[in-house]
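Convention: sequence-line order gives letters A, B, ...; per-chain numbering from 1.
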There are 4 protein chains.
Amino acid sequence: MKTGMAENRDPRQVIIVAAKGLFARFGLGKTTMEDIARASNKAKSTLYYYFKSKEDVFTSVIMLEIAGLKAAIGQAVRSEDDPGDRFRVFVETRLKYFSKKTDQYISIREDYHKHHGLINDLLDDYSQWEIATIKRILEYGSAKGVFDVHDFVGVSRGLFLALKGLEYPWVVDISKNELEKSTAILLDILLKGVSRN
Amino acid sequence: MKTGMAENRDPRQVIIVAAKGLFARFGLGKTTMEDIARASNKAKSTLYYYFKSKEDVFTSVIMLEIAGLKAAIGQAVRSEDDPGDRFRVFVETRLKYFSKKTDQYISIREDYHKHHGLINDLLDDYSQWEIATIKRILEYGSAKGVFDVHDFVGVSRGLFLALKGLEYPWVVDISKNELEKSTAILLDILLKGVSRN
Amino acid sequence: MKTGMAENRDPRQVIIVAAKGLFARFGLGKTTMEDIARASNKAKSTLYYYFKSKEDVFTSVIMLEIAGLKAAIGQAVRSEDDPGDRFRVFVETRLKYFSKKTDQYISIREDYHKHHGLINDLLDDYSQWEIATIKRILEYGSAKGVFDVHDFVGVSRGLFLALKGLEYPWVVDISKNELEKSTAILLDILLKGVSRN
Amino acid sequence: MKTGMAENRDPRQVIIVAAKGLFARFGLGKTTMEDIARASNKAKSTLYYYFKSKEDVFTSVIMLEIAGLKAAIGQAVRSEDDPGDRFRVFVETRLKYFSKKTDQYISIREDYHKHHGLINDLLDDYSQWEIATIKRILEYGSAKGVFDVHDFVGVSRGLFLALKGLEYPWVVDISKNELEKSTAILLDILLKGVSRN
DNA sequence: AATGAATGAGTGTTCATTCAT
DNA sequence: AATGAATGAACACTCATTCAT
């Protein structure tokens, strides 16, 4: 039933997929409707048949992306029993997703402000979901006596913030290998700290 | 003799200050030369008397900002003796600087790619400086027997990444208070970890 | 069915025609896209729907012009049998074309240097075509025993250069009549010389 | 008494000399007051102390140039006795002058129209002088029985036009050597013609 | 369902010119 | 006599969006 042709699919989906790649590489601002039209093999005005505006395309892309992230992370986390591994797998899955594209439009700041109405909610929602997920891991680990946490909310937020840094590997033009090494070290720090106990 | 008027100052400085505010709020892409001209009470073409291009204005702003950051952090760090406090004060000074402006243009991704030539160098340089500073703190702490670190380079990078997350308090619309609390918790995690030893 | 309205025609053609008049009168540099837009009754941005840039409009105009010139000259030349008349008709057709517009953008020097990339090729090509055409006339005349030429290439070039001067009737604000008279005299000189044999 | 420093001279002269070089290379339109200021080692506004406008600088340059041309040509012509040589030397001196600079601002068309007021007169005047000079040579040659000319005015104009072509060697990207060869051939044609007598 | 054509509102940048000193 | 500072007017070009078909 499935053909290899992307063109046979739901045109909305075709556009979203094309736009996803462009947004990921160039961000919202730098990606033009012309670009999206070309990439999705449609006329520019056709995009407006399926989407209200460029912003509408963008939010659709983000929504899809977030759904994918949530599913992937949720599944990966549940596959581990050890709380430390659960956290580790959470971070790694997240990283795999983020590092797939050099740029992560989810984290584009400029766009965030230009279009804070819609995007803000999406991102906030996703962040809250991440924090909640971390919190669940912490509770799970505490129940198992592996983690030593009392302020679950605060610590979840702290870990969340620490992991946010992983979204910006570009700053020091790090290679995939080095990023993985840095991630492992960061995980280690977060679990054990740097102080001599 | 001093008047309160910004207009009496060095026009280059006046422009930079005006631009700083705009860049911080709207990013490089969304801030127009028209905006900067209006904000600095000058004709648009006057900006080109003092700066070669918009990018040049931007770079000047960033350079100033980075210089301020380096000075503030360096001084704060040196004022503490305890390695843990040294690290803490490093993070807090950094945070104070970043949270002063809702948006931190230093971390604007889109612009980063559009103009990676000039900006890249500045940011890389600053990031390397931060990592080096962290490394120095770690070495100091290790020498004092407070920290338990061997891979200084790797751990510096890990901590650097973790702190990067603090540049994005906007993700969860956090208040200043909550951000400070989160920072304290993050610091605690980084120093002691979450695992029961 | 045909209306007299230029507006019903192919828009690309409408723009080219409008631009042709402007370029002829004011040259490339002085003619703005705004001007062309106004003259062709289109929005400025519409021009960019049909042409990549101002230079692109210009090149299109020139190409059209050159094609017309080549056709007109080629046909006229072939219509004469006597070699002297062939040369005469060559010059006259050329002149008719050039004198139709006060200014001949083909010969605008400033533009030539500003945009030498594209225009250079066109002009070179046309000049070479003219030289070749002259050479063919000379060969034809020599075969018929009318012309006394041996260095065909050199003499073709020399005649070409002499005729170039006709593109600049403006220098001495000459009337159409006087220009024609001067042309006839020039032709006579080129054929018979000024020296008493 | 003379110092080697151009700066010690009459500032007006210094500016004119600097502008001359720039106009010759880039034409009036492409040469900015900024360029002239830099080249004459003066502040941009200083130019306006000595000249009313850019156009004023330009006409001053042209006037100087024309004076030089007239002097050089006049002198060279008078140095020859043979009428043919007189004409030959006229052309060669002219050519030497024109070919010294790849571009000859005197012949820039675009500028001609942009500023036809002043420049027109200058150029017309110079052209008339050239035509008159040619006429004098023809009369001299006729009196000596070397030239076979009756319509002195018409033939002067024809020769003038033919020589105008030499101002545009750029069209066929000709080398100095080839230009000289072409000039010799053109001279030969003008004196003897191409027809078998 | 899909699009070619068209456009308004901007964008960064240039430059001749002015003027207070 | 000389100039640093400032500017208005223009310029080529971009792009999200609209609309008739």
Under-3.5 Å N/O pairs linking protein and nucleotides 18-21 of chain F:
none

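The NZ-P distance, from B:Lys54 to E:dG10, rounds to 15 Å in whole Å. Nucleotide F:dT17 holds its C1' atom 14 Å from the CD atom of A:Glu55, rounded to whole Å. Computed from coordinates, the B:Leu47 CG to E:dT14 C1' distance equals 13 Å when rounded to whole Å. Straight-line distance from the CZ atom of C:Arg38 to the C1' atom of E:dT7: 16 Å, rounded to whole Å. Distance, C:Phe51 CZ to E:dA5 P: 13 Å, rounded to whole Å. The distance between atom CD1 of A:Ile36 and atom C1' of F:dC15, rounded to the nearest whole Å, is 12 Å. Between the CG atom of B:Asp35 and the C1' atom of E:dG12 there is a distance of 12 Å, rounded to whole Å. When the C1' atom of E:dT17 is taken as reference, atom OH of B:Tyr49 falls 14 Å away, rounded to whole Å.
Put simply, the side chain of C:Ser40 never gets that close to the backbone of C:Val14: no donor and acceptor are under 3.5 Å apart. Listed for the D:Lys20 side chain is no donor-acceptor partner under 3.5 Å among the backbone atoms of D:Ile62.
One finds the NZ atom of B:Lys42 at 13.0 Å from the CD1 atom of B:Ile36 (value rounded to the nearest 0.5 Å).
Residues that satisfy the side-chain contact (heavy atoms from CB on, under 4.5 Å) test with C:Phe51, not counting sequence neighbours, are C:Arg12, C:Ile15, C:Ile16, C:Asp56, C:Val57, C:Ser60. Considering only residues two or more places apart in sequence or on other chains, B:Gln13 meets the side-chain hydrogen bond (donor to acceptor under 3.5 Å, both in side chains) condition with none of them. With sequence neighbours excluded, the residues that form a side-chain hydrogen bond (donor to acceptor under 3.5 Å, both in side chains) with D:Thr32 are D:Asp35. Every residue two or more places apart in sequence or in another chain that forms a side-chain hydrogen bond (donor to acceptor under 3.5 Å, both in side chains) with D:Lys44 is listed here: D:Glu34. By the side-chain hydrogen bond (donor to acceptor under 3.5 Å, both in side chains) test, B:Ser45 pairs with no residue at all, sequence neighbours left out. For D:Met63, the side-chain contact (heavy atoms from CB on, under 4.5 Å) criterion is met by D:Leu122, not counting sequence neighbours.
Listed candidates were F:dT7, E:dT13, E:dT7. Nearest to the side chain of B:Lys42 is F:dT7.
Residues B:Ala43 and D:Ala43 each lie close to DNA chain F; by heavy-atom proximity, the contact nearer the 5' end of the strand is made by D:Ala43. Residue whose closest nucleotide on DNA chain E sits further toward the 5' end, between B:Met33 and D:Thr32: B:Met33.
For the strand DNA chain F, secondary-structure stems (runs of at least three Watson-Crick or G-U pairs, all distances below 3.5 Å) span E:2-21 with F:2-21.
A:Thr46 comes within 4.0 angstrom of a nucleotide base, judged by non-hydrogen atoms across all strands.
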